[in-house]
Amino acid sequence: MSGDHSHNEDQIDCGSRVNDSHKHKDKYKEKEHKHKDHKKDKEREKSKHGNSDHKDFSDKKHRDKEKEKMKHKDGSTDKYKDKHKEKKMKSLDGKVKKEKENGFASPQHMKSEPEDDFYHSPKYEKSLKRERDDDDNELLIGWLYFVDSRWEEERYTDGPVFAPPYEPLPSNVKFYYDGKVMRLSPEAEEVATFFAKMLDHEYTTKDIFRKNFFKDWRKEMTAEEKAKITDLKKCNFSEMNEFFKAQSEARKAMTKEEKQKIKEDNERILQEYGFCIMDNHRERIANFRIEPPGLFRGRGDHPKMGMLKRRIRPEDIIINCSKDSKHPEPPPGTRWKEVRHDNKVTWLVSWTENIQGSIKYIMLNPSSRIKGEKDWQKYETARRLKKCVDRIRNQYREDWKSKEMRIRQRAVALYFIDKLALRAGNEKEEGETADTVGCCSLRVEHIKLYPENDGQEYVVEFDFLGKDSIRYYNKVPVEKRVFKNLQLFMENKEPDDDLFDRLNTSILNKHLQELMDGLTAKVFRTYNASITLQQQLKELTNAEENIPAKILSYNRANRAVAILCNHQRAPPKTFEKSMQNLQTKIDAKREQLSDAKRELKSAKADAKVRKDEKSKKAVETKKKAVQRIEEQLMKLEVQATDREENKQIALGTSKLNYLDPRISVAWCKKWGIPVEKIYNKTQREKFAWAIDMADEDFEF
DNA sequence: GCACCTACTTAGAACCCATGGT
DNA sequence: ACCATGGGTTCTAAGTAGGTGC
């Protein structure tokens, strides 16, 4: 298979390459320097045109690509396709009798099929793109609408929920500047309250946060305020802070009835604004509230932390819905920025945010048809990778020997992505975000090479900040070839130079696309996560054990994935204490158990002497009690183990985003575990498609 | 090929509130 | 009935990836 990707072609585009390894290296160096200069130029003068240093990157392998395409065509002509076409279409057009609330039909016989490729028949692919392709079959986003009671008769008319307007502070809550009371204009006061609310947070001690906040705050001040307030250190927000604390205390202290009232109000708002109609289905909207103004809280060392996130007005909002549906009306006296009818995108509302200038969207809930189908598709792509991952692995191992630097770098990077489940690592604009990296954007300073470490050869130590500034630290032995390549990539580079200077995510993904239709770097994470879960479940589940023990096994399998994907969490602040509490409970339960056992013993002795019915019964009762307590103790011990092992690991992210839910559903069915033990209500809604679809024989 | 733009998924923190133990 | 705790929910930032136009 890997022979499909001929290396002859690779040699053509760099005629100057020589076999002699020394010269070879020199050639690389030359290139690197050029590249580096180019990079520096880029950073200095972004507006200038790029140079032509990257010409040799553009060589494409059309022949291979076409071969691949052919293969996939063949592959998808699956013998089961026709049989299932009908059901599939049903599940997608949303008009079947067997339909569930969420709009998914239940496929009845999907179970026993040895191959699952029918999900990928051209029909399926097409219907997913139906909104794009069929002009006469328009995406229907109707708006179930009641802006307030005045509009009750209007069936289709609601819209996004705006943040409540600012309520000025009561006059007894004072702000002090330089020790003296100072009345702020409403605009300045609002921004001040954002800061005041955060006084207990570490953010407000950080220089960048304070600097950014102060700069943006001053923009909201009147000329007089601006003239007077020149030093944040002289600002005293503590009365404001106490006011908000008291407010939240008061909220907590509300009576049941008051709380109930609020709950009902929220429910009403949810029912009014939290749904829309898409393709004849009433679908839950994920985020129907527009983000309120506040201070930007970036993660990690974010250069923009503390900046003012401005209030979003109707004039900032683009509404997207179908032409024939009544679009929501903007609040009286305002207008939307735009109303458009783009049926090629899934969002209902968008606006441009002022911190990064990026676009924010209102979209549907994960339980919606459109999200569910996409999710399904994602796992099907990962399953297709399973079928060709061996070929791809062989290929990149071959590529470690390539004469071309760019190919070696690509191959080593792909190896990391595959083996370590690293993220792709898009380039980021410097100074706009926290300094974090993924695979392709790794720098020399992020890895250390040890020819020998703790008795292992060729060890690479990774230490870098990834997404959300979560640290990735790992020491891994790698193949000798990888190690040698890394040494080569690092030669004559500064710590802050790119490790893979001839690679980026775009190049990598173009290559992956040629290896498999739909393949991108992130598919490896999905694939490796899911396959790890499946394999770990097989390994860890013990048929003899009871349900809690089996669930522990499940959580451990889940944990293996979370560790692979580096899904971390801050250990809960109360962790130690809650662990202690649990231990106390366990000790008490042990005590209780030995008491119960003692009682059983004496009851037995008693029964032996008396030999009457009554004492026999007593023995039975005691036996049952011992059993019950044993079970309880076991449950507690399992809980303790589970919690301890979970201290710094977040299971939710992988469960929600990386693990094919059909694996879990199949596991539940196989071992008679109620699916509710694995997925809560929200998760069951999100994975409804999988719960309907998978039976115990499902294989990822 | 690159900068920029757009649309979508993935992510941990913060917040909320039901639960179950006392 | 009360309260602490942890699981569930919400929030929105931070990624991936593909398109466009020069």
Side-chain angles (χ1 to χ4, degrees), chain A residues 38 42 46-58 198 201 248 251-252 256 259 262-263 266 270 286-292 294 296-300 302 304-305 309 320 342 344-347 350 352-353 355-361 363-366 370-371 374-375 378 423-429 432-434 436-441 465-470 504-510 512-513 518-523 525-526 529 565-570 572-575 577-578 581-582 585 588 639 643 646 650-654 656-658 679-683:
Chain A
H38 170 64
K42 234 175 20 187
K46 283 190 180 126
S47 55
K48 286 221 171 149
H49 61 84
N51 66 33
S52 54
D53 188 46
H54 292 280
K55 255 180 210 150
D56 59 341
F57 280 54
S58 65
M198 295 179 73
H201 202 288
S248 82
R251 228 175 300 125
K252 271 182 221 159
K256 253 206 193 104
K259 281 183 180 167
I262 288 175
K263 214 180 149 188
N266 282 335
L270 171 68
N287 54 326
F288 58 90
R289 284 173 213 274
I290 288 171
E291 294 174 20
F296 177 74
R297 301 157 84 115
R299 314 265 171 96
H302 198 116
K304 298 193 172 186
M305 63 166 78
K309 249 177 72 161
N320 188 40
D342 184 352
K344 291 168 192 61
V345 295
T346 69
W347 54 267
S350 75
T352 301
E353 151 269 357
I355 305 290
Q356 315 279 0
S358 67
I359 308 169
K360 299 270 190 162
Y361 302 94
M363 291 186 190
L364 295 188
N365 199 65
I370 204 150
K371 295 286 184 189
K374 277 237 179 162
D375 210 31
K378 173 181 78 185
R423 294 187 185 83
N426 284 323
E427 303 95 303
K428 311 168 71 187
E429 223 177 319
E432 293 292 299
T433 57
T436 62
V437 297
C439 185
C440 294
S441 49
L465 298 181
K467 182 176 179 180
D468 293 318
S469 293
I470 296 289
N504 61 39
T505 54
S506 168
I507 294 166
L508 179 63
N509 281 334
K510 265 180 201 134
L512 293 175
Q513 199 60 240
L519 187 61
T520 62
K522 89 185 186 96
V523 178
R525 250 167 101 81
T526 312
C565 294
N566 199 41
H567 291 141
Q568 296 188 27
R569 61 165 185 180
K573 283 181 201 88
T574 54
F575 185 83
K577 204 176 79 187
S578 85
N581 288 350
L582 193 56
K585 269 192 211 168
Q639 199 187 345
R643 199 184 295 173
N646 234 15
L651 300 186
T653 303
S654 49
L656 239 41
N657 300 302
Y658 288 102
Y679 291 135
N680 66 33
K681 187 165 150 280
T682 312
Q683 292 165 340

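So that the names make sense, note that chain A is the first sequence line, chain B the second, and so on, each numbered from 1. Since the structure is predicted, the reported quantities are computational estimates derived from the model, not experimental observations.
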Just how far, in rounded Å, is P of B/dC8 from CG of A/Leu364? 10 Å
Rounded to whole Å, how long is the line connecting atom CG of A/Asn680 with atom C1' of B/dC17? 14 Å
What are the atom names and distances for every N/O pair under 3.5 Å that joins the protein to nucleotides 18-22 of chain B?
residue, atom, partner, partner atom, Å
B/dA18, OP1, A/Lys263, NZ, 3.3

With distance as the sole criterion, do the side chain of A/Lys467 and the base of B/dT10 form a donor-acceptor contact below 3.5 Å? yes
Could you list where the contact with chain A starts and ends along DNA chain C, reading 5' to 3', using a 4.0 Å heavy-atom cut-off? C/dT5 to C/dG18
Under 4.0 Å, counting only non-hydrogen atoms across every strand here, what does A/Thr436 touch: a base, just sugar-phosphate, or nothing? sugar-phosphate
Under 4.0 angstrom between A/Tyr658 side-chain N/O and B/dA11 OP1 or OP2: yes
Provide, to the nearest angstrom, the distance between the NZ atom belonging to A/Lys681 and the C1' atom belonging to B/dC17. 14 Å
Just how far, in rounded Å, is P of B/dC15 from CZ of A/Arg569? 18 Å
Can you name the residues that form a salt bridge (Lys or Arg N to Asp or Glu O under 4.0 Å) with A/Lys259, not counting sequence neighbours? none
Under 4.0 Å, heavy atoms only, any strand: does A/Ala521 hit a base, just the sugar-phosphate, or nothing? sugar-phosphate
What nucleic acid atoms does A/Arg423 come within less than 4.0 Å of, heavy atoms only: base, sugar-phosphate, or nothing? sugar-phosphate
Can you tell me which nucleotide in B/dA14, B/dA7, B/dT9 comes closest to the side chain of A/His201? B/dA14
Quick one: on DNA chain B, does A/Arg297 or A/Ser358 contact a more 5' nucleotide (nearest heavy atom)? A/Ser358
